Enquirer: 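For reference, the structure I am asking about is given below.
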Amino acid sequence: MDVADLPGVPEWLPDHLRDDGIEELYPPQAEAVEAGVTEGKNLVASIPTASGKTLIAELAMLSSVARGGKALYIVPLRALASEKQADFEEFEQYGLDIGVSTGNYESEGGWLADKDIVVATSEKVDSLVRNDAPWIEDLTCVVTDEVHLVDDGERGPTLEVTLAKLRRLNPDLQTVALSATIGNAEALATWLDAGLVDSDWRPIDLQKGVHYGQALHLEDGSQQRLSVQNNEKQTAAIVRDTLEDDGSTLVFVNSRRNAEAAAGRLANTVRPHLSDEERGRLADIAEEIRDVSDTETSDDLADAVADGAAFHHAGLSRGHRELVEDAFRDRLVKVVCATPTLAAGVNTPSRRVVVRDWRRYDGSAGGMAPLSVLEVHQMMGRAGRPGLDPYGEAVLIANSHDEVDELFERYVWADPEPVRSKLAAEPALRTHILATVASGFARSREGLLEFLEQTLYASQTDEGGQLERVVDDVLTYLQRNGFLEIEAGELDATSLGHTVSRLYLDPMSAAEIVDGLRDWERGASDSTSASGSPADPQAEPPADSGFTTASELAENAAGSDDDRDPDDISALGLYHLVSRTPDMYQLYLRSGDREEYEMELFEREEELLGPTPSEFEEGRFEDWLSALKTARLLEDWATEVDEATITERYGVGPGDIRGKVETAQWLLGAAESLASEVDLDAARAISEARIRVEHGVREELVDLAGVRGVGRKRARRLFQAGITDRAQLRDADKAVVLAALRGRRKTAENVLENAGHRDPSMEGVEPAPDVSVDLDDGDTDTNGDVTADDDQSSLGDF
DNA sequence: GGTACGCGCCTATAGACAGCATGTC
DNA sequence: CTATAGGCGCGTACC
């Protein structure tokens, strides 16, 4: 189909596409147009990655906007939100306004209501609906990227429920759903009352194969000789072979450690193939990587990159990831060894893809579980860059002759699994039922079930019995914990319930937080026996186990003599409290850790909020310990322990620290709201703990770190120079400030201005000579300090 | 005596959304 | 209920 023949699109679009070198649509795109995407029709497109999904989305959104509408583009990852924003911003020249909204970022300059196209994550959209964002009603078109993720147990239900809500709010809404190739695209189409484009077409050939011994067996039956030389691994042989053809390789492995180890080894394979010029540019990038942070991960990555290899996983910080992705796209880095982060995420195609590990550890399966066909196909789909490579090759690695056949059967020739709704699971319904009631989508049990009828789950199952049963369990749970009231069949969210829904908390997290805080106020004496575990946990839904109901408000109102002062709650206690909620991704407890944290628990049990579960309750006790480990990490961060020490002590990457800190910040913010909601007096302690973790500073720096432009390091330097709070900074001797900030005039001016200094100008000011500021060269003060504390407390016990 | 290698045993295990109100070194 | 790579200690073979 020629771009001139597109019905319903703005008149500038055909020319715009031609300028981009697009004269004709790809076949699946043409099918989509024939199905009416540009004329407001619903559509499900199940097509491979990189076969033009984005254009289908654009056609739908632009034509909808051209008719005076407003479009929403839902992405699964924050990283994709910014990528799509960049894509769509080229339409700004035609007067369109693009906006982005994710948890940590909101586009500035004009509210989202004024935007023509809004990009957001599914959770953010859910949250916007819960908080009654007024512009939601103006939407005329919603595009969902990667809809097959409704199959995901944790995040799928959010997408499902959110789509159902959007469609309910606005029955005329055009719904376009983009999916990877899946087994049951027609089921999605039925659910969304949509036309269907289901195609395998790719703009560039993809040849799948399995490597074993000295040969690469391809799916068309041919074989390529690809010999493994002296001692090298199969992966190395493939990488070398690709390099000889001047191509790059993406290697998928199943753990972070494997990614790092493989990158280190493959660096040796790549090194001899680099030109001098490449070596020079790679050295520069390696230097930038070292600048991002001075952790071991950072060093290892820099070493590998200097040789043209890299690893990529979620433990990397944002800066690291971007540098690696860019260098790979620029073809400087020849090999990237990645965990599945890269397959789901951003656009980094490569000549060849190697799927080295096809099994992955899965705690719920109790061991290694094979990857799904869908996942493997998604990884393989990264092979071949349109316009750059003649074709793409995706290779699985077999370790035996039998495995060759197995891999062909299991992945190369197999069709992807059907997508199935995971909505009927209790944890998902807990949060969505509360939100559905709180935001007025349902006012009775029947209304609730009727609403759930609009989900994929309902369209995929014939017997409603299962769903109904879980719904009743969840309603009971929500009622018992004081989130909902049920009266004469009427459902009503309590004010606590509304708060929880708006805060986007899992109700179970909210219950845990409220109970923990309340338990503290009630005093320690009766808490050891106060575990709310039902007598027979087996008979109760798992959601209930171990929690006193949050509705026992009246019980402690009387107050007793052993009430404790809420200001005495320690930061560790609060960090532990939020770390044990289901909203915090827990740290893995390694074998050696168990003993260490049992000891730690023994020493600091007093500080924790709520009764420690019995050691015989295996699962709960384990969770309690790993929450303690997470809490310790946060405490270290809030005690100015430096990054490198933390990564080493807890076995995490630099990016993980950021993630934990961010989550803790969010949950503590939520805890603050909850405390005031239920009249608990802990707000001050929580707020301080939150600010400390936010800036990563000890108590005495909280005030200083609140000044814009002052982080944990600058705050500490100022403090050492004798400036201990914001007020002092406001009237400080400029010479001292300048010296404390190591003579950086511009920084000092900024800081003083933000602190409200009368005359921030640094002109003619010289750093005061008697102020010494040596904290970042080596692990002198802050770290040394903390390490000493640490030694003291642990040594004292042996 | 030193080194190189191979074997068996032990260990450890992917990803990342959200409130609210603004900004690290 | 499922696996496997890598690191380490140890024993053997060889110079």
Side-chain angles (χ1 to χ4, degrees), chain A residues 75-79 81 101-106 108 120-128 130-131 149 152 154-155 158-159 231 233 252-262 264-265 291-294 313-315 319 338-345 356-363 365-371 375 399 431 499-506 509 583-585 588-593 651 655-656 658-660 662-663 665-674 690 694-696 705-717 741-742 744 747 750 754 775-776:
Chain A
V75 291
L77 258 46
R78 293 203 286 232
S101 177
T102 64
N104 62 353
Y105 180 78
E106 194 92 36
E108 45 216 307
T121 54
S122 37
E123 284 78 7
K124 186 63 187 190
V125 177
D126 186 17
S127 164
L128 289 165
R130 292 183 190 197
N131 289 289
L149 293 174
D152 182 286
E154 274 172 53
R155 300 182 54 208
T158 305
L159 181 55
N231 264 344
K233 304 258 178 184
F252 286 106
V253 298
N254 65 2
S255 76
R256 294 177 178 191
R257 236 183 43 172
N258 282 342
E260 298 187 13
R265 281 196 312 273
D291 282 347
V292 172
S293 73
D294 54 358
H313 57 63
T339 55
T341 2
L342 214 57
R356 195 193 75 179
D357 304 330
W358 54 280
R359 279 189 263 245
R360 181 174 51 221
Y361 179 82
D362 177 358
M368 301 300 277
L371 300 181
E375 271 177 292
N399 294 315
T431 176
T499 304
V500 171
S501 170
R502 271 186 283 108
L503 287 172
Y504 212 82
L505 275 183
D506 184 332
S509 298
D583 278 309
M584 176 75 86
Y585 208 77
Y588 182 81
L589 207 55
R590 292 179 298 189
S591 57
D593 288 349
D656 295 309
R658 214 33 284 147
K660 286 279 171 306
E662 234 177 59
T663 311
Q665 219 177 298
W666 165 54
L667 287 172
L668 287 167
E672 234 174 302
S673 307
L674 287 175
R690 181 176 55 77
E694 176 181 348
H695 300 295
V707 177
R708 189 191 303 183
V710 180
R712 65 194 316 219
K713 298 209 168 155
R714 287 176 187 168
R716 179 51 68 190
R717 290 202 184 97
L741 298 176
R742 301 191 300 171
R744 307 284 156 85
T747 310
N750 268 334
N754 293 328
L775 46 122
D776 55 346

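Given the structure is predicted, the values throughout are model-derived calculations rather than measurements.
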Enquirer: For the side chain to side chain contact (heavy atoms under 4.5 Å, CB included) test, which of A/Thr102, A/Leu77, A/Leu159 pairs with A/Thr121?
Expert: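 So, applying the side chain to side chain contact (heavy atoms under 4.5 Å, CB included) to A/Thr121 and each of A/Thr102, A/Leu77, A/Leu159, only A/Thr102 qualifies.
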Enquirer: Is a salt bridge present between A/Arg130 and A/Asp126, judged by a nitrogen-to-oxygen distance below 4.0 Å?
Expert: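 Judged by the 4.0 Å cut-off on N to carboxylate O distance, A/Arg130 and A/Asp126 do form a salt bridge.
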Enquirer: Looking at A/Leu128 and A/Ser101, what are the two nearest heavy atoms and their distance?
Expert: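 Here A/Leu128 and A/Ser101 meet closest at CD1-OG, 4.4 Å.
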Enquirer: Please give, in whole Å, the distance from B/dT22 P to A/His695 NE2?
Expert: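 One finds 12 Å between P of B/dT22 and NE2 of A/His695, rounded.
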Enquirer: Send over the distance from A/Leu503 CG to B/dA21 C1', rounded to a whole Å.
Expert: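 Interatomic distance, CG of A/Leu503 to C1' of B/dA21: 14 Å.
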Enquirer: Before giving the answer on side-chain contact (heavy atoms from CB on, under 4.5 Å), spell out for A/Val500 and A/Thr431 the whole-Å C-alpha distance, their side-chain angles and the decisive distance to 0.1 Å.
Expert: CA-CA 9 Å; A/Val500 171; A/Thr431 176; over 6 Å; no
Enquirer: Output one letter per nucleotide in nucleotides 10-17 of chain B: B when a protein non-hydrogen atom lies under 4.0 Å from the base, S when only the sugar-phosphate is that close, - when neither is.
Expert: --SBBBBS
Enquirer: With sugar-phosphate meaning primed atoms plus P, OP1 and OP2, does A/Arg744 contact a base, only sugar-phosphate, or nothing at under 4.0 Å between heavy atoms?
Expert: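 The residue A/Arg744 makes no contact with any strand.
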Enquirer: Round to a whole Å and report the spacing from CG of A/Leu668 to C1' of B/dA21.
Expert: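 Atom-to-atom, A/Leu668 to B/dA21, this comes out as 16 Å.
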Enquirer: Please confirm whether the backbone N or O of A/Gly709 pairs with a side-chain atom of A/Arg714, one donor and one acceptor, at under 3.5 Å?
Expert: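 Yes, the answer is positive, given that a donor and an acceptor are paired below the 3.5 Å cut-off.
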Enquirer: When you measure from the side-chain N and O atoms of A/Arg265 to the phosphate of C/dA5, is any distance below 4.0 Å, counting only OP1 and OP2?
Expert: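 For C/dA5, neither OP1 nor OP2 has a side-chain N or O of A/Arg265 closer than 4.0 Å.
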Enquirer: From OH of A/Tyr105 over to C1' of B/dA21, roughly how many Å is that when rounded to an integer?
Expert: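 My rounded result for the distance is 15 Å.
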Enquirer: Convert the base pairs of DNA chain B into dot-bracket notation, remembering that pairs crossing earlier ones are written with [ ] and that bases paired across to another strand are shown as |; include only Watson-Crick or G-U pairs under 3.5 Å.
Expert: |||||||||||||............
Enquirer: The side chain of A/Gln665 is closest to which nucleotide in this list: C/dG6, B/dG19, B/dC25?
Expert: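 Closest of the options to the side chain of A/Gln665: B/dG19.
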Enquirer: Considering only the P atoms, how many Å lie between B/dA14 and C/dG6, rounded to the nearest integer?
Expert: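 After rounding to an integer number of Å, I get 14 Å for this pair.
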Enquirer: Checking A/Asn254 now: which residues fulfil side-chain hydrogen bond (donor to acceptor under 3.5 Å, both in side chains) with it, not counting sequence neighbours?
Expert: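 With sequence neighbours excluded, A/Asn254 shows a side-chain hydrogen bond (donor to acceptor under 3.5 Å, both in side chains) to A/Asn258, given in chain and number order.
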Enquirer: Rounding to a whole Å, what distance do you find between A/Leu159:CG and B/dA18:C1'?
Expert: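 Whole-Å distance recorded here is 15 Å.
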Enquirer: Looking at CG of A/Leu668 and CG of A/Leu674, how far apart are the two atoms once the value is rounded to the nearest 0.5 Å?
Expert: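 Rounded to the nearest 0.5 Å, the CG-CG separation comes out at 11.0 Å.
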Enquirer: Describe the nucleic acid contact of A/Gly655 in one word from base, sugar-phosphate, nothing, applying a heavy-atom distance below 4.0 Å.
Expert: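 Since no nucleic acid heavy atom lies under 4.0 Å of A/Gly655, the category is nothing.
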Enquirer: 5'-most contact on DNA chain C: A/Pro370 or A/Arg356, nearest heavy atom basis?
Expert: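 Residue closer to the 5' terminus by nearest nucleotide: A/Pro370.
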Enquirer: Write down the atom of A/Pro76, the atom of A/Arg155, and the distance for their closest heavy-atom approach.
Expert: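 Minimum heavy-atom contact is O-NH2, 2.6 Å.
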Enquirer: Nearest whole angstrom, please: distance from the P of B/dT24 to the NZ of A/Lys713.
Expert: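 Going from NZ in A/Lys713 over to P in B/dT24 covers 14 Å.
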Enquirer: Calculate the interatomic distance between A/Glu672 atom CD and B/dA21 atom P; express it in whole Å.
Expert: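 Rounded to whole Å, this separation is 12 Å.
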Enquirer: Rounded to whole angstroms, how far apart are CG on A/Leu128 and P on B/dA18?
Expert: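 Distance, rounded to whole Å: 10 Å.
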Enquirer: Is A/Thr747 close enough to B/dC25 that one of its side-chain N or O atoms is under 4.0 Å from OP1 or OP2 there?
Expert: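 For B/dC25, neither OP1 nor OP2 has a side-chain N or O of A/Thr747 closer than 4.0 Å.
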Enquirer: Please say whether more than 12 non-hydrogen atoms of neighbouring residues, nucleotides or ligands are located less than 6.0 Å from CD in A/Glu154.
Expert: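 Counting neighbours around CD of A/Glu154, 12 or fewer heavy atoms of other residues, nucleotides or ligands fall under 6.0 Å, so no.
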